[in-house]
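Beneath this line is the structure, given in structure tokens, with notes to follow.
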Amino acid sequence: MDAIRLISLSPLLIVAATSVAVLLAIAIRRNHAVAFGLTLAGLAASFCSTFFTPPSQVTQLLLIDRYALFFMGLLTAASFSITLSAYGYLAAREGNKEEFYVLLLVATLGAMALAASGHFASLFLGIEILSVALYGLIAYLRERPLPLEAGIKYLVLAGSSSAFLAFGIALVYADLGALDFAKVAQLLAAQRSMNLELLLPGTVLILTGIGFKLALAPFHMWTPDVYEGAPTPVTAFVATVSKGGMFALLLRYFSQSGANRFPRLLLVLSIIAIASMLAGNLLALFSSNVKRILAYSSIAHMGYLLVALEASSRLGTNAVAFYLVAYFAMTLGAFGVVTVLSSAQRDADQLDDYRGLFWRRPVLALVFTAMLLSLAGIPLTAGFLAKFYIVAAGVASQAWLLILILVITSTIGLFYYLRVVTALYQQPVSDVQVPEPLPRRAPGLSLVLAVLTVLLVWFGVYPTPLLRMIQSAISSIL
Amino acid sequence: MLRLLWLVPAIPFASALTLATMRLPRKAVAWIATCSIAASSVISLLVSIQFLTNPPSTGACIQVLWKWFDVDGLRPEIALYLDPLSIIMMVVVAFVSFLIHLYATEFMRGDDGYGRFFAYMNLFVACMLTLVLANNLLLLYLGWEGVGLCSYLLIGFWYRDAENGRAGRKAFIVTRVGDTAMVIGLFLLFRQLGTLNIQELMRRAASEWHAGSVVATAAALLLLGGAVGKSAQLPLQTWLPDAMAGPTPVSALIHAATMVTAGVYLIARLHVLYALAPQAQFAVIVVGAATLLMGGLSALTQHDLKRVLAYSTISQVGYMFLALGVGAWPAAIFHFMTHAFFKALLFLGAGIVIESLNGEHDIFHMGGLRKPLPVAFWTFLVAGCSLAGLPLITAGAFSKGWILWGAYSAANGSVWLWASALAGVFLTSLYTFRMIFLVFFGEQRTQVAHRPGHAMHIPCIILAFLSIAGGYIKSPFAHFLSPVLSWSPGAMQGVSFSETVSEGITALIFLLGLYSAYIFFLRRRDYAAALASSSTGRVLHRFWFSDWAMDWLYDRLFVRPVVWAAKTGKDDAIDGFYTGVARLNELTWRGMSRTQSGRLRWYVAGIAAGSIVLIAVVMFL
Amino acid sequence: MILVWLLVVLLGGGVLAGLFARLHPLLSRSIALVAVIVDLVLALILAVCDFGAAHAVGSRWLEEVNWSWIPQSGIQFHLGLDGLSLLLVLLTLFLGMVAVLISWSDITTAVGFYHFHLLLILGGILGVLLSLDLFLFYFSWELMLVPMYFLISIWGRERRTYAAIQFFLFTQLSGLLMLIAILALYFAHHQATGIYTFEYQDLLGTQLSPHMAMWIMLGFFAAFAVKLPVFPFHTWLPDACAEASTATNLVLTSLMAATAAYAMVRFLLPLFPDAARAIAPVIIVLAIIGILYSAVLAFSQTDLMRLIAYASIGHLGFVLLGIFSGSPLALQGAVMTVLAHGVSIGALFLIAGALEKRLHSREIETMGGLWDTMPRLGGVALFFALAALGLPGLGDFIGEFLILIGTYQVHIAAAAVAACGVLAATFYALRFVQYAFQGSNLHSWRLPDLNLREATVLGALMIALLWLGLYPQPVFRTLAQTASHAQAFWR
Amino acid sequence: MTAVPMADGLILGAALFALGLAGLLLRRNLLFLLISIEIMLNGAGVAFVTAGSRWGRPDGQVMFLFILAAAAAEVAVGLALLLRFYHRRQTLDADSLNRMRG
């Protein structure tokens, strides 16, 4: 392995090294601030390195191309902001805090590996690294009942879905004899007589594994419970980094392997997309738990993304990438607000916690409003353009049914976002118990929220630079 | 001088605006209101004199004030058109208005809505003058709706009583039914002839349509709808009797002298069109003849002094329609003029009577007022005679005689029309003297509480003079109108008796009516009572009293269904659909959230089932 | 460039008004007022200056701005102003000024936030009226929703949340359908020419199969129909009007409807002339049903705001009729009705608001005999009720008359039935006046009459309406060029 | 030693997988759930090895190793969590994990 390849791996290596460094730091002396600082530094370095890293293929397993670097940058940036928001959150809670960062770094590493993976083996490994770290993260506050319950649920379900994935890969491998995406693509393109009885169920099983991670219906049922139970920064991580890495992989696999050659697979994807849009939006309608609402909404968002994915055109890929960026910004922002409002005893997940927030903390309420409206796809926010591109991709591929369902369900979805927004602006009722805000002001988190809001509006009004980046990134997989 | 024409409607407009926007003391209100109408009538007289002494070569003069709008071929102007017909209308309207305003300054003295009253009245005069002077049908329509509005406002002037408001709304809505027909008529004319300018329309109609063409008939009939509504003719006459809820000067001005004759003016103005549409003209005849008889019969049964006069107005306007229908155009306009004088006077007299009796309206509670109210009695008597057609002396006799003769001898006349008009004369005479005998003769039943002052007497005296003198200008009148509305008596063949014979017979019938009234309502009231209480009499009485039950019919046919629809539809049935959709979503949510049971093994089952179903899809679909 | 300033002043004013409210609410109000007035003056300058220029040059747009925005997708920041948009911009700013003025004492909570949203909506409306890029148009179209949602849901009445969400859902769904249509057009154009663009002028001549054109047209129509609103998509409006504050109602009915009507004239007819012609009979029937239905419902309402809302729906039915009748007369009448309706219905909402402020009730059953105690308000209410029932001499009449006479040229029966709608308007207008102001003062109300601010605002609206009714020629002159363009596409 | 026919190997793998899945669905004890997952993963492993032998490449076996490693890691974390859970609730009943729902 030559030096260039090693340098190419630097984003991954930096994150991995940081996790080791944090471990060592803990071994020397437990200090929350040190662990936090190391993590931030590592993630920042990794983020910066994505801009300077020369694209190259590192073994069959990892493809460090512009596409991968783009998503690695996105993932590290997201982890960075999650780290910032987690600091204050953890500081107010019991138990050792430092290992949290180790787990976070490892999970990020797994997601990054997914973004760069061009091979089923790295896919499987990435998922496992991500999952195992996530079990720990979700159940990190192990003295509390909800995180523990969520952790066990996630463990069992993710474990079984990994088994589905592994079995699926095995079937595909049995049929094609290749694990490398490029090879798979070649074989599929070669129109070699294929044993569809193995290939198609195998692909569906792979989709099951991926769909589980992405919380696509009908593999979505864990989502609200895990979102609710996990500590809020971890929820944000599950919603963004974990899904982002996974979707980056799916997009790459889908556009490289030429799986869209099979109308039946497209049909399956359509069914999944429709089911996700319907389930996500309908389940959230009258829920009174904000974290669960966001969970359901993420199901729907993944459904929207599939619509663009299915278009499988440059436009569709573009739309997916743009949507993911916007989705990251708004989801992180939304969970950031939840984090800010959470007390040491419990997370601010009840709708009642938000009633009249505008009259108590107007800026925070405005930020949350911006995030929610962006999730709903309203202009001046990135979410609007993101949805616009999704619809554009759908229209371009003339997937009228999908688009129609998207439109209808996103209107239904608007209802629950508005329920939350309405609660924010309700005139305060004195006898409602509101949780104490964090004891210490969280400057880091405020900064994150401010930056995210600015980004949200910036991408919503002038997305041209971002689009340019995305175009150069996706050109490497098309 | 002719250039001052625009001031004729403008001055009342301005004063209406002043009165509406400013709070002024009563004196100032009275002065402004009356003087503005006085100024307007003086200017109209000056303009007319100028017109008479120095007639324009085209026979009419047009004053364009400004271009209203110009859209795709529709270019109405705010322009005034002066020709003999509009001169007569203008002068009569302005002058009668002036007198009634003068009367009202005293009549309304105790009312707290003094300023408002005169603002409405001035606005009315302005609109009425606009109506008669309008150069195009759209401007005419503006005036037309404007007078309808003022009528509504003034009927409901005493707004505290909800009944008055109801009467006002009824008047507005019923006349608007006609107006809707009229406006559709305008659409038709514009579509076919491409303009709304009246003169241009008439020229094009005459050149492009042949007599009896369907379009011409349709247009004429639609416009007739408007005329029928405004002029309270069958079948839209029901609003007028209720309109008597307004103050008496209003009834005199709007519901007797001026506005209700707007329909007559409209048809006379568009007579070229009606000449092209014999069927429509026949409809005018039918409307006129039927209304004059029905109105007369209803007037015979009323107890309320003002309602008697209201039905009398309906009946008299029916005469005018009859004249229009048969083609005796100037006769209609002449009757309009004399009717304006005597009917206004009758109302003013009635106002004095009612006010002097503290608002008593029932003629059966009156009586013997001859002595306490001499001026009112004599002027009322003059006007009544004029209405009933006392021959040789009164103006009404001349105008009505002309119409009768026209009904027989004019182009569309027939002996049957003449006979029915003659029956009308009998009825008119009968109800008029019934009223006079009951009110002024016999024993006094109610004490006179109040005696009128000069401001109320002077208009009555002037109008009484005009109710007599107006008749003697018949031939100059006909001559003056002839360039616009020509009339050639005796042009018909087969006339078997002369105008003199007709007049003689009319006079006899008048006397018969007078005598019957004398018998039934002065000498032997028990005869009348016996007649009314006989079984047929009772039915007929009730039938006529209730205006031929048309109110009842309309209530069942139109009012109730609309109110019913409104009541049942209040909550917007369409909304139910959307509520249903929302409810469906909620139910779906309820069902689906059951799947989120929190149970681990159920979730695993979900994943497994999903996966299996999808495999089934790829394998077997 | 002045077009950009129009937007910048409004949006900047909105932000400033939002920020400075912390210092003093009055400051926020003043900033908002000044911003709107400055904009109004700018627009008037445009109206005065450009009028001659356009005739001299003969160009399609009086003013134009075309900047690159998102070149990757062929999206331009393209604004343009012609006679039609100029008129509606003036209406928007005039009523915007009225809205700020009537909120002066009505709004006491979160003043800055309120004015921010109010000005944001006005900015969105101007964006809709000025956009010549379909993406920008859609962007502005959607931009109007959020502030409107807030205006209803924060400063509304008891059931405001319900009304606000209902409003948002209706408009959002229909808006997304339009988005699909816009994109379908965009791709169809790309297929035909190989160019990705949202540019209005370029998309005008796009070749579409009749089938496709119909569907795309329907997508556009859905958005406009909900916003206008067209029967049977109207039910959100009465609910919203019943719950929103006075100024909000003004914007909601007068201005939102104006944008919908504008969009039909600007986009729907020229882009899909054949499809529009094909579906016109259906839409005309809807318009007429709407006119009659809303008249009956307005007649039955006891809540003043709902009554006016249904009245508004009726008038907008005429607008729809005028737009789709295919007659140039009716089309210009429709624009006229939009202007007059904006003023007259807006004024009626003001009156209802003034009544509510005094009586703390909008039920006309609690009223009666108010003329005794508030003669001026009564007179003004009468004036605008008469405008609503189409009294000649006032703006509404001109519009409705032109619509009907124009429609009559094409569809005789439609015009005749719609004329009955004018008659039906009489019922509710008079009922309103009767129940509120006439009759006896059963509840012995003793209330203050109009104050100076209210009287000034209402007086200005009255003058505007009289001007539109008696000398509308300037309006039609401004409109002439646009109208001839619209006709060219229609024929 | 002759190669195992691929179909047989895959069927064996599938059978293991199905067994594991059935266990997952039927057992209530969390410990058995973990074991069932192991069985499912091993089913996948068998399939990999079979497939690898079909193509005569080592990829299958490599994947199997990966799976083993992953399974071990999962079980390690899983057991830790189960311990915590048992400590708190004195039960390993999977159905008692239902505090969050709706």
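Per chain, numbering begins at 1; letters A, B, ... match sequence-line order. Keep in mind it's a predicted model, so treat the numbers as computed, not measured.
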Interface moiety of [X] toward chain A, non-hydrogen atoms closer than 4.5 Å:
| X | value |
| --- | --- |
| D:Arg88 | side chain |
| D:Leu21 | side chain |
| D:Leu97 | both |
| D:Ile67 | both |

By a 4.5 Å heavy-atom criterion (distance strictly below it), what part of [X] contacts chain D: side chain, backbone, both, or neither?
| X | answer |
| --- | --- |
| A:Tyr173 | both |
| A:Ile169 | both |
| A:Leu125 | side chain |
| A:Ile152 | both |
| A:Ser288 | neither |
| A:Leu171 | side chain |

Are [Y] and [X] an aromatic pair, judged by ring center distance below 6.0 Å?
| X | Y | result |
| --- | --- | --- |
| D:Phe17 | A:Phe167 | yes |
| D:Phe48 | D:Phe64 | no |
| A:Phe286 | A:Phe415 | yes |
| A:Phe219 | A:Phe164 | no |

Between A:Ile138 and A:Pro147, is there a side-chain heavy-atom distance shorter than 4.5 Å?
no
Flag the pair [X] and [Y] as a salt bridge only when some basic side-chain nitrogen lies within less than 4.0 angstrom of an acidic carboxylate oxygen.
| X | Y | result |
| --- | --- | --- |
| A:Asp347 | A:Arg93 | yes |
| A:Asp349 | A:Arg292 | no |
| A:Lys291 | A:Asp225 | no |

May I ask you to name which of A:Ala150, A:Ser160, A:Ala170 has the most heavy-atom pairs under 4.5 Å with chain D?
A:Ala170
Heavy-atom pairs under 4.5 Å with chain D are the metric here; pick the option from A:Leu155, A:Leu165, A:Asn289, A:Leu198 that has the most.
A:Leu155
